[in-house]
**Student:** 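Before anything else, here's the structure in question.
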Amino acid sequence: MKEKDMELTQKLEAEFSSDFEKNAQSVLLKKLYGKIWAVDINLTSENMAQLEKMPETLRNIALATLESMLLMISERGIFMLNPGKEDMRAFYRIIDESSNAVSIFAVPTNGKAGKELILSFTESHMIMDSKAASSPKIYFTEASPNQLNENQANALEERLKETALQFMGEMTDALKKIF
C-alpha cells in the first residue's frame, strides 16, 4: 500500500473506530463476517439489463470482471478483490438495519467519495445494491477457499502477502492460515 493510502487508512480507521463495536453487533452483518463471498454470475447477469445492450466483447469483459471478484466484510471494514483493477478497501458504519437488509455508509481508503450500500439477504444470496441509479445489484454466494477459481485464489493469496488486508483485523489472520 502506498504511503498516502496508509495515511488515509489510518485517518479513516480512527474516524470509524467508534463504529466497530456497533458493526460487530449487527445480526445481519454477523452472517457475513469471516466468510468469502463470490459473485453469482448467472443471477447477477440476469438482473443486469445493461449487459444486453453491450457489444459482445465489452459484455465478456464485464462478466470476466464479475467472475473474478470476491467480497469480504468484517466489523472493521469491507474488502472487494478486483483482479486486474483497483481493489476496494473501505471502512463503514451502519445507517439503518431491518430484519432482512442493512444500509451502510462505506468510505474507501483510496480517497474516493463514500457511498451508501444496501446489503440484503435471501435464503441463498447476499445482495449488494447502491443508491446510485446506474449501479446494478450484485448477487453473492458464500464460497469456501477450495471453491475459488485459480485467479481468485492466487489474487487473494497475493493480497495477504501485502498489507492490503491488514485493516480487516482478525479476519486477515484467519485467511493467512488458510492460504
**Student:** I need the single residue from Val39, Thr44, Asp40 that forms a side chain to side chain contact (heavy atoms under 4.5 Å, CB included) with Asn42. Which is it?
**Tutor:** Asp40
**Student:** Any side-chain to backbone donor/acceptor pair from Arg93 onto Phe105? Under 3.5 Å, distance only.
**Tutor:** no
**Student:** Using a 4.5 Å cut-off on heavy atoms from C-beta on, say whether the side chain of Phe20 contacts that of Glu13.
**Tutor:**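 In contact.
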**Student:** Going only through I, L, V, M, F, W and Y residues with side-chain contacts under 4.5 Å, is there a path from Leu66 to Met54?
**Tutor:**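 The answer is yes; both residues are in one hydrophobic cluster.
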**Student:** Does the side chain of Glu67 pick up a donor-acceptor pair with the side chain of Asn149 at under 3.5 Å?
**Tutor:**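 No, no side-chain donor-acceptor pair sits under 3.5 Å.
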**Student:** So how far is it from Asn154 CG to Ser68 OG, rounded to the nearest 0.5 Å?
**Tutor:** 12.5 Å
**Student:** At what distance, to the nearest 0.5 angstrom, does CG of Leu71 lie from CE of Met88?
**Tutor:**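 The distance works out to 6.5 Å.
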**Student:** As a quick check of understanding, evaluate side-chain contact (heavy atoms from CB on, under 4.5 Å) for Met80 and Met128, giving each step before the final call.
**Tutor:** CA-CA 12 Å; Met80 184 176 290; Met128 184 169 63; 3.2 Å; yes
**Student:** Rounded to the nearest 0.5 Å, what's the gap from OG on Ser103 to CD1 on Ile94? Could you check?
**Tutor:**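 Going from the OG atom of Ser103 to the CD1 atom of Ile94 covers 10.0 Å.
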**Student:** Specify the closest pair of heavy atoms between Leu148 and Ala143, including all atoms of both residues, with the distance to one decimal.
**Tutor:**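 Taking Leu148 first and Ala143 second, the nearest heavy atoms are CD2-CB, 4.0 Å.
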**Student:** Could you please spell out the steps behind the side-chain contact (heavy atoms from CB on, under 4.5 Å) verdict for Ser120 and Asp129?
**Tutor:** CA-CA 8 Å; Ser120 58; Asp129 195 5; over 6 Å; no
**Student:** Keeping the roles fixed (side chain from Lys22, backbone from Ser18), state whether a donor-acceptor pair exists under 3.5 Å.
**Tutor:** no
**Student:** In terms of hydrophobic clusters joined by side-chain contacts under 4.5 Å, are Leu63 and Trp37 together?
**Tutor:** yes
**Student:** Stepwise, does the side-chain contact (heavy atoms from CB on, under 4.5 Å) test hold for Phe79 with Leu70?
**Tutor:** CA-CA 8 Å; Phe79 177 77; Leu70 294 175; over 6 Å; no
**Student:** Identify the residue among Leu117, Leu12, Ile104 that makes a side chain to side chain contact (heavy atoms under 4.5 Å, CB included) with Tyr92.
**Tutor:**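 When Leu117, Leu12, Ile104 are each tested with Tyr92, the side chain to side chain contact (heavy atoms under 4.5 Å, CB included) holds only for Ile104.
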**Student:** Which distance, rounded to the nearest 0.5 Å, do you find between the NZ of Lys137 and the CE of Met48?
**Tutor:**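 Atom-to-atom, Lys137:NZ and Met48:CE are 13.0 Å apart.
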**Student:** For Leu119 and Leu28: C-alpha separation, side-chain torsions, deciding distance, then whether side-chain contact (heavy atoms from CB on, under 4.5 Å) applies.
**Tutor:** CA-CA 9 Å; Leu119 306 175; Leu28 293 177; over 6 Å; no
**Student:** Hey, any chance Leu29 and Ile127 share a hydrophobic cluster, counting ILVMFWY side chains that come within less than 4.5 Å of each other, even indirectly?
**Tutor:**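 The answer is no; the residues belong to distinct hydrophobic clusters.
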**Student:** Can you tell me how far the CD1 atom of Ile41 sits from the CD1 atom of Ile138, to the nearest 0.5 Å?
**Tutor:**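 Answer rounded to 0.5 Å: 9.5 Å.
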**Student:** If I compare all heavy atoms of Ile73 with all of Leu32, which pair ends up nearest, and what's the gap?
**Tutor:**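 Shortest heavy-atom contact: CD1-CD1, 3.6 Å.
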**Student:** Is the number of heavy atoms from other residues, nucleotides or ligands under 6.0 Å of Lys11 NZ greater than 12?
**Tutor:** no
**Student:** Write down the atom of Ser124, the atom of Thr141, and the distance for their closest heavy-atom approach.
**Tutor:**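 Nearest heavy atoms, Ser124 then Thr141: O-CG2, 3.8 Å.
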**Student:** Would you say the side-chain atoms of Glu97 pair up with the backbone N or O of Ser26, donor to acceptor, closer than 3.5 Å?
**Tutor:**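 Absent.
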**Student:** Below 30° counts as parallel, above 60° as perpendicular, anything between as tilted: where do the rings of Tyr139 and His125 land?
**Tutor:** perpendicular
**Student:** Rounded at 0.5 Å granularity, tell me how far CZ in Arg89 sits from CE in Met72.
**Tutor:**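 Taking CZ in Arg89 and CE in Met72, the distance rounds to 10.0 Å.
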**Student:** Using every non-hydrogen atom in the two residues, find where Ala62 and Leu51 come nearest and quote the distance to one decimal.
**Tutor:**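 Heavy atoms of Ala62 and Leu51 come nearest at CB-CD2, 4.0 Å.
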